[in-house]
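Below is one structure; the comments refer to it alone.
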2 protein chains.
Amino acid sequence: MPKAESLPNITADDVAAQAGVSRWTVNRAFKKDASISPKTREKVMTAAQSLGYVPDLSAAALASTRSNLVALLIDDFANPHKLVMLEKLTRALRSRGWDTLLVNTLDSDDAAPALLNASQRRVDATILIGIQFDDEVLNAAHDARRFKKLIIFARTSENPNTISIAVDDEAATREIAQYVIRKGYQRPLYMAGPRTVSAHLLRKETFAREWKDRFDREPECIAADRYDPDLAASIAHDALKDRTAAELPDIIVCENDALALGVIDTIRHRLGLRVPQDIAVLGFDDVPQAAGHNYRLTTYRQPLTEMSNYLVDVLESQDDTVHDRKFLGRLVPRDSA
Amino acid sequence: MPKAESLPNITADDVAAQAGVSRWTVNRAFKKDASISPKTREKVMTAAQSLGYVPDLSAAALASTRSNLVALLIDDFANPHKLVMLEKLTRALRSRGWDTLLVNTLDSDDAAPALLNASQRRVDATILIGIQFDDEVLNAAHDARRFKKLIIFARTSENPNTISIAVDDEAATREIAQYVIRKGYQRPLYMAGPRTVSAHLLRKETFAREWKDRFDREPECIAADRYDPDLAASIAHDALKDRTAAELPDIIVCENDALALGVIDTIRHRLGLRVPQDIAVLGFDDVPQAAGHNYRLTTYRQPLTEMSNYLVDVLESQDDTVHDRKFLGRLVPRDSA
DNA sequence: TTGTATGCGTTATCAT
DNA sequence: ATGATAACGCATACAA
């Protein structure tokens, strides 16, 4: 028995009684394509309104094989792009009737527990937008058979157990490399991010390959193990602070904007140089700040809205065919490169 | 019957059979302070492990009066502080066993539907960190009696139907005002944000009062109706672009960092002036970028970790006493003011 | 300490 | 088109 003060829930039975129909008819009235006469539906809905009834999705999830709930596993909160992704994803999901369970993957040991945590809520799919999932964890999760769908969003993965929805990193990076070459840069420095699932470092490798194809030499590379502007700033500073002008790169190509923003700060405020005149900078993602008057960052924009909508398409699809998909974004030239 | 391919769920009954106990004993093994002998618990846990059993929280929520699930309603995604809040909150919640349902309040008409949406998942509490909730919506929600706890986080509210966990805006703003006065600024411009729940514009009003108490005149004020750096940049530009040097403020005090960052960009890149020499800028929140080499923003830091932990305390408290609480943060002086 | 009946609010399936 | 039966997986309350 619940506590005295908490007044009893209004259930479908209550509505049924009020409307003079059965509980199952009430259920049908709330379902889109149910075989129910418009008249009874009307009657039911009126009763429901007057009682303030809304279906209990928790009970619905228990009774059926679908919950209309997805888990979104996230980390890497220093990366401003994560906020944009959260907005786009939750908007697409909610506007099409899906709820989101947000799971903060607290640290590197927490990937598996986080995954388990999600599965305990009967989610219909688990979406990964973090960076702490390696193939080992993914395969373990798959083997445990706890997941209907495991989706890696905005990050290429070649793991056969997951659905990957991402931009075509190779095509994008080729476009970036061609842009850098066309603009006449000679001494690029590539700043990579942390390694992630199977296709890790795809961008870096593609850039290096393109550069080598053209100039027959490898570009210089450095890496940050988090997508954190401050960390990127420090690493760039360490790498460049003792160099003569001739030794400096003429452009720093960053794996994403989070790194690029920190790099620009270092160039300007710690090295006392100008962007792009002394060192140009190029990013990836097109975070909101990239467009602002301070950074004017040349970057590559992912079609996040389209990708989010496709993700919901995948959720709603019945068939078990492969749903991996690569999207094409576009280079947004601004003033930084 | 579920579809053929989806293998049957492992339930407490399965574990009970394997361990040779009853289903209810399995239940006890998974409960913290249950009266169960260490030996049987051990036996049950072994069986559970071998079968890969974990309790179904969906079913648990249905059967009990608690779900260990909270809804987090959010909007205002242009404000970088939201990402920090999301991280702190989900970390505190998850590390103490609470799950988070993230609800994107899509637009201003969506506040009530979003609230309803949350309630359908049997959440134990609803946390509001958005700006689209006015007293009308809150009172309606309260009257519908759908919410056990309605918590407004990081925003002062005087609505009697909600629990407000926030910094003491008046104390904080007084500290800010004293700092501005002590530093000898003469012509402040206050930039306010959107109006929100009952205590809206508390910061602006407190600053104006402090200033008036000291100099017997009102400070100039402008406002942005979203916490968006770009919008703040435009508004600041419009307000200042045609002024002579003597007409310009010597400091712009912003309701939060989201506004301050945009204001700094405008001062530097559109007005061609220096911060703080020509115009100083002061913020609120201490977002990550505030500490970076580019902005070096003087701002006021909220004790978000402490506040998040207190929020979980409130969730776990049984009593129905008032839980409103104001926290004290601290002013972080950097180079911008 | 352990076992048992009953209920949570819905949906799948079958019957009318 | 509507009604009825039996789960869904667990928790509460009580009995043993």
Side-chain angles (χ1 to χ4, degrees), chain A residues 1-4 6-17 19-44 47-48 51-69 119-124 146, chain B residues 1-4 6-17 19-44 47-48 51-69 119-124 146:
Chain A
M1 216 47 177
K3 294 297 199 54
S6 75
L7 68 178
N9 246 325
I10 294 137
T11 76
D13 278 324
D14 301 329
V15 178
V21 298
S22 75
R23 167 155 49 96
W24 299 273
T25 302
V26 173
N27 191 310
R28 288 186 186 99
F30 279 88
K31 201 173 289 184
K32 224 172 71 82
D33 305 306
S35 55
I36 183 175
S37 77
K39 234 180 63 183
T40 19
R41 168 171 272 153
E42 176 71 24
K43 197 167 55 179
V44 169
L51 291 173
Y53 167 80
V54 284
D56 183 322
L57 299 180
S58 229
L62 181 60
S64 85
T65 53
R66 281 188 46 182
S67 60
N68 267 279
L69 179 68
S119 78
Q120 290 186 267
R121 294 276 180 194
R122 299 197 150 227
V123 296
D124 288 335
R146 310 200 122 276
Chain B
M1 216 47 176
K3 293 297 201 53
S6 77
L7 67 178
N9 247 324
I10 295 137
T11 77
D13 277 323
D14 302 327
V15 179
V21 298
S22 76
R23 166 154 55 95
W24 298 272
T25 302
V26 174
N27 193 307
R28 288 187 186 96
F30 279 88
K31 202 175 287 185
K32 221 171 71 85
D33 305 306
S35 55
I36 182 174
S37 75
K39 232 180 64 182
T40 21
R41 170 173 270 153
E42 176 70 24
K43 196 168 55 177
V44 169
L51 292 173
Y53 167 80
V54 283
D56 184 323
L57 300 180
S58 227
L62 183 60
S64 84
T65 54
R66 281 188 47 183
S67 60
N68 267 276
L69 179 68
S119 79
Q120 291 187 266
R121 294 278 179 193
R122 297 195 152 227
V123 295
D124 289 335
R146 311 201 121 275

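Source: prediction; values computed, not measured.
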- A/Tyr53 OH - C/dG9 P separation (whole Å): 10 Å
- Task: Name the nucleic acid region contacted by B/Lys39, choosing base, sugar-phosphate or nothing; use a 4.0 angstrom heavy-atom cut-off, strictly under.
- Result: nothing
- Has A/Asn9 got a side-chain N or O lying under 4.0 Å from the OP1 or OP2 atom of C/dG9? yes
- Task: Report which part of the nucleic acid B/Arg66 touches: base, sugar-phosphate, or nothing (heavy-atom distance under 4.0 Å, all strands).
- Result: nothing
- May I ask you to verify if any side-chain N or O of B/Thr11 is less than 4.0 angstrom from the OP1 or OP2 atom of D/dG9? no
- Provide, to the nearest angstrom, the distance between the CZ atom belonging to A/Arg28 and the P atom belonging to D/dA4. 11 Å
- To the nearest angstrom, the CD-P distance between B/Gln120 and C/dT10 comes to 10 Å
- Query: What is the nucleic acid contact for B/Arg122, judged by heavy atoms within less than 4.0 Å: base, sugar-phosphate only, or nothing?
  - Reply: sugar-phosphate
- Query: Can you check the B/Arg23 CZ to C/dT1 P distance for me, whole Å?
  - Reply: 21 Å
- From CZ of B/Phe30 across to C1' of D/dC10 the rounded distance in Å is 13 Å
- Message: Can you tell me which nucleotide in C/dT2, C/dA12, D/dT2 comes closest to the side chain of B/Ser37?
- Response: C/dT2
- Task: Would you kindly check whether a donor in the side chain of B/Trp24 faces an acceptor in the base of C/dT1, or vice versa, at under 3.5 angstrom?
- Result: no
- Protein-nucleotide distance (B/Asp14, atom CG; D/dC10, atom P), rounded to Å: 9 Å
- What parts of residues 55-63 of chain A reach DNA chain D, counting only heavy atoms under 4.0 Å away? A/Leu62, A/Ala63
